[in-house]
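I have placed the structure first, in the form of structure tokens, so that the comments after it can refer back to it.
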Amino acid sequence: MPNIVKAYAAAAATEPLDVEQIERREPGAKDVAIKILYCGVCHSDIHQARNEWQNTVYPCVPGHEIAGIVTAVGDAVTTYREGDVVAVGCLVDSCRTCRSCRDNLEQHCEKGPVFTYNGPDKHSGGTTYGGYSQAIVVDEAFVLRVPSNLDLAGAAPLLCAGITTYSPLRQYGIGAGCHVGVVGLGGLGHMAVKFAHAMGATVAVFTRSAGKVADARRLGADDVILSTSEADMGRHVNRFDLIIDTVSADHDINAYLNLVKRSGAMVLVGAPEKPLTLVSFSLIMQRRQLAGSLIGGLRETQEMLDFCGEHNIVCDIEMIGVEQINEAYDRILRSDVKYRFVIDMASLH
Ligand code: NAP
Ligand code: ZN
Ligand code: ZN
């Protein structure tokens, strides 16, 4: 018997989100039923709710930064039990047998990972619904454990903003002596700063927002560069081992590529709606690399959560009621978020 729960959904690309009833399956043998306490608001939720990536199925219930409490488990579940504090990120399933899945890179599953929302739901035959809802049922293999010392609301956005920035820092072996640049101080950007700083790197933030300079320093930045100032930008040519670009809209990536040192890399994690322009010389001249990175696999996500537990790292959040979600979207689009909105799901009743 499926259970009916309340959710917040977009009915169409141009509609504001509103309350909706959705079905959650009865937990199967390997399933964990979770009461959602908090859900972070990612810029991807906006891209998806508004069909900016042209693949949205409606109604769309966004939300992939989920934190909550286990309310029931299936007979074959071994890792979790009722009452455990758990989290779910961007993935709820994958084929588990392909090369990427065997390499613990389920986000790159060759059969297509099943995203937490807007993905094909093999159980219902429909579409997966995300965390802007009261409850979710997820296979235990895609459930994560939140260290008990972390504030749960502040931990929720680690499940996307956290892992998406932690993973490239690890992929590029960032540590003491490295220079890391972070472009855009939003949800992802502020976590990139915290992680790079905790890993011992020298960190620079590139922002268009003069009002964020003091915050950037408090979050761990050694330098803050106003990207609107050519003179400021010019002082950092050929400096960075790694630049992580989190910008969600069209912008000039060449201006940042020129700041990467010889053989260094710039990694795009931002996913703007429109294609970006690449000038070949930005890469050729110092044989720089341009790459992308997509969230992280389950093993690395748990590693990131454990790293946060050890270093006492959570996201800087602004808590909202679910009825404020449309206003929060508008504020994110104005870069007016410090630095992640988190929905208090108790507001959905
Ligand atoms: P966010 O909180 O809105 O942060 C984006 C930041 O980019 C803004 O705070 C702003 O920083 C800067 N920015 C925005 N518009 C800009 C423009 N027109 N020109 C220059 N800078 C601009 O968004 P987020 O949640 O961190 O997500 C960022 C992007 O990453 C989104 O596109 C999202 O879909 C994508 N994403 C990708 C992955 C992945 O796995 N690759 C995972 C999650 C999200 P300043 O005010 O400091 O300039
Ligand atoms: Zn996200
Ligand atoms: Zn696979």
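Residue numbers count from 1 along this sequence.
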Check: K212 main-chain N/O paired with S209 side-chain donor or acceptor under 3.5 Å: no
Single-linkage hydrophobic cluster, 4.5 Å side-chain cutoff, V86 and L150 together: yes
Whether S133 side chain and K6 backbone form a donor-acceptor pair below 3.5 Å: no
N/O donor-acceptor pair under 3.5 Å between S347 side chain and V322 backbone: yes
Any N104 side-chain heavy atom under 4.5 Å of E300 side chain: no
Shared hydrophobic cluster, L226 / I243 (ILVMFWY, side-chain heavy atoms < 4.5 Å): no
Close side-chain approach of M266 to F240, heavy-atom, < 4.5 Å: no
Distance-only polar pair, side chains of S227 and R208, donor-acceptor under 3.5 Å: no
Worked verdict on D139 versus D93 for side-chain contact (heavy atoms from CB on, under 4.5 Å): CA-CA 7 Å; D139 186 300; D93 209 351; 5.5 Å; no
Backbone N/O of E110 and side chain of S100: donor-acceptor pair under 3.5 Å: no
What pairs of donor and acceptor atoms, side-chain ones from residues 181-201 against any protein atom, are under 3.5 angstrom apart with sequence neighbours left out?
from: H190; atom 1: ND1; to: G186; atom 2: O; distance (Å): 3.3
from: H190; atom 1: ND1; to: G187; atom 2: O; distance (Å): 2.8
from: H190; atom 1: NE2; to: D316; atom 2: N; distance (Å): 3.0
from: K194; atom 1: NZ; to: V314; atom 2: O; distance (Å): 2.8
from: K194; atom 1: NZ; to: D316; atom 2: OD1; distance (Å): 2.6
from: H197; atom 1: ND1; to: G220; atom 2: O; distance (Å): 3.3

Non-hydrogen side-chain atoms of P272 and E52 separated by less than 4.5 Å: no
Atom of V180, atom of L169 and distance for their closest heavy-atom approach: CG1-CD2, 4.1 Å
side-chain contact (heavy atoms from CB on, under 4.5 Å) between I343 and Y38, worked out: CA-CA 6 Å; I343 304 169; Y38 303 106; over 6 Å; no
D245-H251 side chain donor-acceptor pair, cut-off 3.5 Å: yes
Check: N3 main-chain N/O paired with R24 side-chain donor or acceptor under 3.5 Å: no
Side-chain touch N254/F281, heavy atoms, less than 4.5 angstrom: no
Spacing of CE belonging to M319 relative to CG belonging to D344, to within rounding of 0.5 Å: 5.0 Å
Verdict with supporting geometry, T79 and V143, side-chain contact (heavy atoms from CB on, under 4.5 Å): CA-CA 9 Å; T79 337; V143 176; over 6 Å; no
Check: V61 and E20 side chains under 4.5 Å, non-hydrogen atoms: no
R81/V70 under side-chain contact (heavy atoms from CB on, under 4.5 Å): CA gap, chis, key distance, verdict: CA-CA 7 Å; R81 59 170 92 156; V70 175; over 6 Å; no
Hphob cluster co-occupancy, V203 + Y172, side-chain heavy atoms under 4.5 angstrom: yes
Euclidean distance, Q107 CD relative to F115 CZ, rounded to 0.5 Å: 8.5 Å
From R96 atom CZ to F142 atom CZ, the distance as rounded to the nearest 0.5 Å: 4.5 Å
Gap between atom OG1 of T127 and atom CG of D121 - 0.5 Å precision: 8.0 Å
For A221 against V205, the heavy-atom pair lying closest together: CB-CG2, 3.7 Å
Hydrophobic cluster membership, V269 vs L276, 4.5 Å side-chain cutoff: no
Minimum side-chain heavy-atom gap V73-E140 below 4.5 Å: no
Donor-acceptor pair between S293 and Q171 side chains, under 3.5 angstrom: yes
Salt bridge flag under 4.0 Å for residues E273 and R50: no
Under 3.5 Å: donor-acceptor pair, side chain of D75, backbone of A29: no
Non-hydrogen atoms of N55 and N118 that approach each other most closely: O-ND2, 3.0 Å
Exam field: side chain E65 to backbone A161, donor-acceptor pair closer than 3.5 Å: yes
Distance (rounded to the nearest 0.5 Å) between E303 CD and C308 SG: 10.5 Å
Heavy-atom pair with the smallest gap, counting every atom of W53 and A271: NE1-O, 3.1 Å
D215 with R218: basic N within carboxylate O range, under 4.0 Å: yes
Polar side-chain atom of Q302 near backbone of R145 as donor-acceptor pair, under 3.5 Å: yes
Validation row: D45, Y132 side chains within 4.5 angstrom (heavy atoms): yes
Side-chain heavy atoms of D241 within contact of H179, under 4.5 Å: yes
Separation between CZ of R217 and CG of D222, rounded to the nearest 0.5 Å: 8.0 Å
Member of I163, I313, L144 meeting the side-chain contact (heavy atoms from CB on, under 4.5 Å) criterion with L305: L144
Nearest non-hydrogen partners of A135 and V5, listed with the distance: CB-CG1, 4.1 Å
L268 reachable from L294 in the ILVMFWY side-chain graph, under 4.5 Å edges: no
Heavy-atom pair of closest approach, residues R288 and V260: NE-O, 2.7 Å
N/O donor-acceptor pair under 3.5 Å between Q324 side chain and G321 backbone: yes
